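What follows is a set of notes on a single structure, which appears directly below.
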Amino acid sequence: MRETVIGRAHVEDTPELDRYYAELGRQESYALWTVANAIEPWHPQPTSLPTLWRYADMRPLVLKALDLVSPEKAGRRVIALENPGRKGLSACVGWLYTGLQVMRPGEFASAHSHASAALRFVVEGAGAYTVVDGHKMSLAAGDFVITPNGAWHDHGVEAHGAVTVWQDGLDMLLVNQLDANFYAVHPDHVQKPNYPLNDTVSIYGGPGLLPVGAEPWSKPYSPLFKYEWGPTYEALQRAATASDGSPYDGTIMQYVNPATGGPVMKTLGACIQRLRPGDRTKSHRHTGSVVYNVAKGSGHAIIAGRRFDWVKNDIFVVPSWAWHEHANASDREDAVLFSFSDVPSMQALGLYREEAYGDNGGHQAR
Ligand code: GTQ
């Protein structure tokens, strides 16, 4: 990829250079100028494509897995989403992984831990639970839970519950790129809960309240493991009565670590946003890949110039640095989008950048 710009590589191929490149290759080396323009792009060049997965299409396929494999054999019975621009990489967008995990009443997935961080957004079902480092939590539709890096976790659905589907999000592909992943199986297969049910919500889930005199929380992730749908939606509605929110996202709130005010985990974060009836946002772009799950209502997103219409529980992705805007289809009902992203990774590494459409004449940044 030659570029005739001063400061960029533009060496023409010649037979002599071709012989030289072959010689370098035999010494496990190469001439930087043959790849420099590709490995130092002017701006992010995601191969991920904006993509939407309709829940109406995915649901029957996910339920089919119930009869085809057991969680004992599969480890996790999950149908994962693959970005059409990144076939074979297990990624839904960028280095983010997502999948729909399904379990029927009485089933469980045994305990393990990994260096990668996971989060879950509950789509449908009843009686589901997850146990994170001995803290057992009940799960209902719209709840958001974290299973931080290194934490033991196992999941299940109580015998009296219903078939449950939740969306998993993990940073394992990024962690693998960094050659930093570890995996362990719990000796007991299933953890014995060591605390009262939903104790992290009882202790850390109060509105703007933290316990006094308790051991200071020193772990690098949120001490609150579950964010329930009811109070989350209520907080969005209340905020919307007092503020216009963001021009790009409507009323948007980050799920935070109450001990720091920062993202729930170091690598992955999650947000919930509400679009007023008739709302249509302005367009912006930022580094970091985002995965959305429609929590309520219907509408559309315009991502890199393509329109994607969505309804409840559809999943869609916005690649890093892609322009995107959101619209609510209804003039009467609000719409709510859950999302998770690797934006905290970008911020931690000093790579976060954001741009409003129009600030640069709407042209690609150079
Ligand atoms: O529940 O621990 O979708 O380890 C992929 C990998 C879920 C989990 C996934 C996992 C899990």
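As the structure lists them, so they are numbered: ligands from 1, and atoms in each ligand from 1. Quantities reported herein were computed from a predicted structural model and do not represent experimental measurements. Only heavy atoms go into these numbers, but all of them, side chains included; no hydrogens, no water, no symmetry mates.
For ligand 1, the atoms closer than 4.0 angstrom to any heavy atom of His155 are 1 (O), 2 (O), 8 (C). The atoms of ligand 1 that sit less than 4.0 Å from any heavy atom of His153 are 2 (O), 8 (C). In summary, the atoms of ligand 1 found under 4.0 Å from a heavy atom of Gln101, numbered by their order in the structure, are 1 (O), 7 (C).
For atom 5 (C) of ligand 1, the nearest protein heavy atom (residue, atom name, distance) is Tyr97 OH, 3.4 Å. Annotation: atom 7 (C) of ligand 1 to nearest protein heavy atom, Asp168 OD2, 3.2 Å. Arg76 NE, 2.9 Å is the protein heavy atom nearest to atom 8 (C) of ligand 1.
No hydrogens or angles considered: nothing links the side chains of His112 and His186 as a donor-acceptor pair under 3.5 Å. With hydrogens and angles left out, the side-chain atoms of Asn181 and Asn176 include a donor and acceptor closer than 3.5 Å. Residues His153 and His114 bring a donor and an acceptor atom of their side chains to less than 3.5 Å of each other. Side-chain contact check for Asp154 and Trp152: no donor-acceptor pair (N or O, by modelled atom type) lies under 3.5 Å.
The pair Asp67-Arg104 meets the salt-bridge criterion, with a side-chain N (NZ, NE, NH1 or NH2) lying under 4.0 Å from an Asp/Glu carboxylate O.
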* To do: Quick one: do Asn313 and Asn293 satisfy side-chain contact (heavy atoms from CB on, under 4.5 Å)? Show the steps, please.
  => CA-CA 5 Å; Asn313 293 136; Asn293 188 311; 3.2 Å; yes

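If you look at Thr147 next to ligand 1, there are no close heavy atoms at all, none under 4.0 Å.
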